[in-house]
2 protein chains.
Amino acid sequence: MTSEPAETAVTRKTGAALVDDLAEQIRDRIMTGAIPIGAQLRQAELASNFGVSRTPVREALRQLQTSGLIEVLPNKGAVVSVPAPWDVREAYEVRAELEALAAARAVPRITRDQIEQLRVANQEMYDHSAGRHPVPAQHDHRRSNDIFHTLIASISGNARLSKAISDINETFPRNVSAQLVVNDSRHRDENFHEHERILQALADGDAQQAADQMREHVIKAGEQLARWYELRSSTVFRG
Amino acid sequence: MTSEPAETAVTRKTGAALVDDLAEQIRDRIMTGAIPIGAQLRQAELASNFGVSRTPVREALRQLQTSGLIEVLPNKGAVVSVPAPWDVREAYEVRAELEALAAARAVPRITRDQIEQLRVANQEMYDHSAGRHPVPAQHDHRRSNDIFHTLIASISGNARLSKAISDINETFPRNVSAQLVVNDSRHRDENFHEHERILQALADGDAQQAADQMREHVIKAGEQLARWYELRSSTVFRG
DNA sequence: GCCATTAACATTGGATCCAATGAGAGGGGA
DNA sequence: TCCCCTCTCATTGGATCCAATGTTAATGGC
């Protein structure tokens with residue numbers, strides 16, 4: 001199975017489009033945990049998986065390295081970065097400020113329909129995480145959560161802001177955050193209500209409140225994630 | 001001169017280090033205006049200039065493309081991006097928020113020595129821009145200005161924050177901003193006093209004031225830059 | 001039996017190759 | 001004279017090549 005010419009159907013793109021596509025797909029596999037933290041990424045293997053040569057794969061890996069998701073050691077190959085707790089806290093502090101700005105800017109621009117969309121996304125997220133099957137629940141939760149946050153960012157009307165936020169997000173595997181919320185009912189409820197409070201502020205047209213609630217929410221999420229990595233590093237290499 | 005094997009002495013680096021080095025040098029040439037906005041970047045030419053093959057050059061170009069400094073058209077080559085005024089405004093709004101956060105965070109951490117360093121940098125910047133020779137003045141001004149801003153960012157103690165700020169800055173050629181301040185005495189004085197106000201707030205230990213002054217300063221700089229590009233695009237292709 | 005040295009192997013990374021695409025010049029027809 | 005077609009040339013971009021480096025396992029000495 002592994003030596004099939006093309007495991008994944010890559011539409012015949014070329015140049016930047018191909019490289020971006022490869023980077024995206026590799027990123028996804030890391031984000032969802034299909035490729036776990038600390039795992040090695042061999043160029044030849046990825047190349048044959050995607051049915052291309054090593055050249056575009058290398059360029060894709062460089063891109064992921066620049067974003068910080070993987071580390072490339074000279075002549076040794078690439079591994080998925082193991083996030084340091086302090087780095088997670090720093091990154092989430094930046095993200096918190098950016099998303100707070102996005103929320104504040106979204107207030108005068110948001111429509112009733114969009115508020116409804118956000119409400120639906122939040123409810124779906126809650127339902128998914130209260131569901132039974134852990135793995136698809138994680139997946140769906142992550143998707144709903146992404147919709148909630150990226151929608152607010154896009155409503156802000158500042159494309160640079162959206163990009164800056166996603167640049168930071170793309171730095172850490174996300175399945176972990178979802179896992180936390182799905183598995184822990186207290187986290188689940190807190191998360192739901194934090195989103196509700198943000199939504200309320202948006203509906204009320206209170207920019208200051210929206211920004212503050214968003215900032216607090218993101219900082220909290222970052223703290224949870226950092227704690228998880230702390231725990232992980234103390235229980236080293238235990239299944 | 002152009003066909004010399006290696007115009008620039010590239011220390012024999014390899015892998016990511018080499019690619020980053022190339023990206024850095026190409027970026028610098030664009031930033032300083034040595035390679036002007038809209039100019040074509042031919043891989044073969046760059047490769048022979050740096051004494052390497054096209055392979056690492058292509059990876060470097062991809063990196064610059066990801067950051068938005070250049071645009072790569074399929075099978076057509078790379079050109080230095082021509083910033084759109086609205087994009088400049090958006091980017092500087094994000095940068096303003098990030099630098100405001102940095103200034104606020106720097107307040108409880110800054111030392112007397114560092115305040116003195118900032119004062120010196122600001123004074124040097126003013127002296128340089130009040131000097132005679134426009135081109136070196138631009139260069140020196142840019143350097144002093146960079147020191148002022150990056151020092152505050154680094155004092156914030158958040159490496160991610162510093163990176164996020166420089167990521168945005170690396171998106172636009174900077175010689176333009178320097179040119180504006182150097183050539184226009186009103187801009188020059190305003191710029192100097194804005195820096196002074198930020199410094200005062202830092203010295204006073206007033207985080208809120210530091211953040212507000214920094215935000216305002218950056219927004220203003222962005223507005224000036226955006227205006228310049230607006231003017232430029234209306235007087236198309238005129239020497 | 002344990003450690004060091006070395007030799008084979010796996011993998012990376014720059015250089016080169018060639019097909020594909022696009023731009024521009026030159027020629028032919030209206 | 002102007003337009004369009006085609007041929008050629010320049011340039012990009014994926015594939016392949018080979019040298020360099022790191023890793024691992026086996027062998028030999030102690």
Side-chain angles (χ1 to χ4, degrees), chain A residues 2-26 30 35 38-66 69-81 237, chain B residues 2-26 30 35 38-66 69-81 237:
Chain A
T2 57
S3 52
E4 293 292 311
E7 167 183 303
T8 308
V10 176
T11 56
R12 257 294 156 263
K13 295 184 176 181
T14 179
L18 173 58
V19 174
D20 288 351
D21 209 48
L22 291 174
E24 177 72 20
Q25 295 203 38
I26 298 171
I30 295 173
I35 301 177
Q40 285 252 355
L41 297 168
R42 277 179 299 275
Q43 297 176 0
E45 189 184 329
L46 292 169
S48 78
N49 275 355
F50 290 114
V52 295
S53 83
R54 279 173 45 215
T55 311
V57 169
R58 261 171 55 191
E59 293 182 28
L61 289 179
R62 271 290 142 64
Q63 231 163 285
L64 297 179
Q65 179 201 16
T66 303
L69 190 61
I70 69 175
E71 279 166 48
V72 178
L73 301 129
N75 293 320
K76 277 196 58 178
V79 295
V80 180
S81 299
F237 271 57
Chain B
T2 58
S3 53
E4 293 292 310
E7 167 184 302
T8 309
V10 176
T11 57
R12 258 296 155 264
K13 294 183 177 182
T14 180
L18 172 59
V19 174
D20 289 350
D21 209 49
L22 291 174
E24 176 72 20
Q25 295 202 37
I26 297 171
I30 295 173
I35 302 177
Q40 284 250 358
L41 297 167
R42 276 180 297 277
Q43 298 176 359
E45 189 183 330
L46 292 169
S48 78
N49 276 354
F50 291 114
V52 295
S53 83
R54 279 172 46 214
T55 311
V57 169
R58 261 171 55 191
E59 293 183 27
L61 290 180
R62 272 289 143 63
Q63 231 163 286
L64 297 179
Q65 180 202 15
T66 303
L69 189 61
I70 69 175
E71 278 165 49
V72 178
L73 302 130
N75 293 320
K76 278 196 55 178
V79 296
V80 181
S81 299
F237 271 55

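Keep in mind that what you see is a predicted model, and the values were worked out from it rather than measured. Each chain gets a letter, A, B and so on, in the order the sequences are listed, and its residues count up from 1.
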Roughly, in whole Å, what's the span from [atom1] in [X] to [atom2] in [N]?
X	N	atom1	atom2	result
B:L18	C:dA15	CG	P	8 Å
A:L61	C:dT11	CG	P	14 Å
B:L22	C:dG13	CG	C1'	13 Å
B:L46	D:dT12	CG	P	9 Å
B:E59	D:dG13	CD	C1'	13 Å
B:N75	C:dC18	CG	P	19 Å
A:L41	C:dT12	CG	C1'	14 Å
B:Q43	C:dG14	CD	P	15 Å

Polar contact flag, side-chain donor to acceptor under 3.5 angstrom, B:Q43-B:R54: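 Present: a donor and an acceptor within the cut-off.
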
Minimum-distance nucleotide (side-chain atoms of A:R42 versus C:dA15, C:dT11, C:dG13):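 Nucleotide nearest to A:R42's side chain: C:dT11.
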
Candidates D:dT16, C:dA15, C:dG13 - which lies nearest the side chain of B:V52: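 Closest of the options to the side chain of B:V52: C:dA15.
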
Presence of A:S53 side-chain N/O under 4.0 Å of D:dA15 phosphate oxygens OP1/OP2: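 Result: yes.
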
Below 4.0 Å: OP1/OP2 of C:dC17 and any side-chain N or O of B:R54: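 False: B:R54 side-chain N/O out of range (4.0 Å or more) of C:dC17 OP1/OP2.
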
Contact nearer the 5' end of DNA chain D, comparing A:K76 with B:L73: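 Between the two, 5'-proximity favours B:L73.
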
Residue mapping more 5' on DNA chain D - nearest nucleotide basis, B:T55 or A:P74: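 By nearest-heavy-atom nucleotide position, the 5'-most residue is B:T55.
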
Any donor-acceptor N/O pair under 3.5 Å between D:dG14 base and A:R58 side chain: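 In this structure, the two groups form no donor-acceptor pair.
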
Min side-chain heavy-atom separation A:V80-A:I35 under 4.5 Å: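 A side-chain contact under 4.5 Å exists here.
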
4.5 Å side-chain heavy-atom contact, A:L64 and A:L41: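 Of all side-chain heavy-atom pairs linking A:L41 with A:L64, none is under 4.5 Å.
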
Nearest-0.5 Å distance, CG of residue A:D20 to CD of residue A:E59: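 CD of A:E59 is found 10.0 Å from CG of A:D20.
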
Distance (rounded to the nearest 0.5 Å) between A:Q63 CD and A:E24 CD: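 Going from the CD atom of A:Q63 to the CD atom of A:E24 covers 10.5 Å.
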
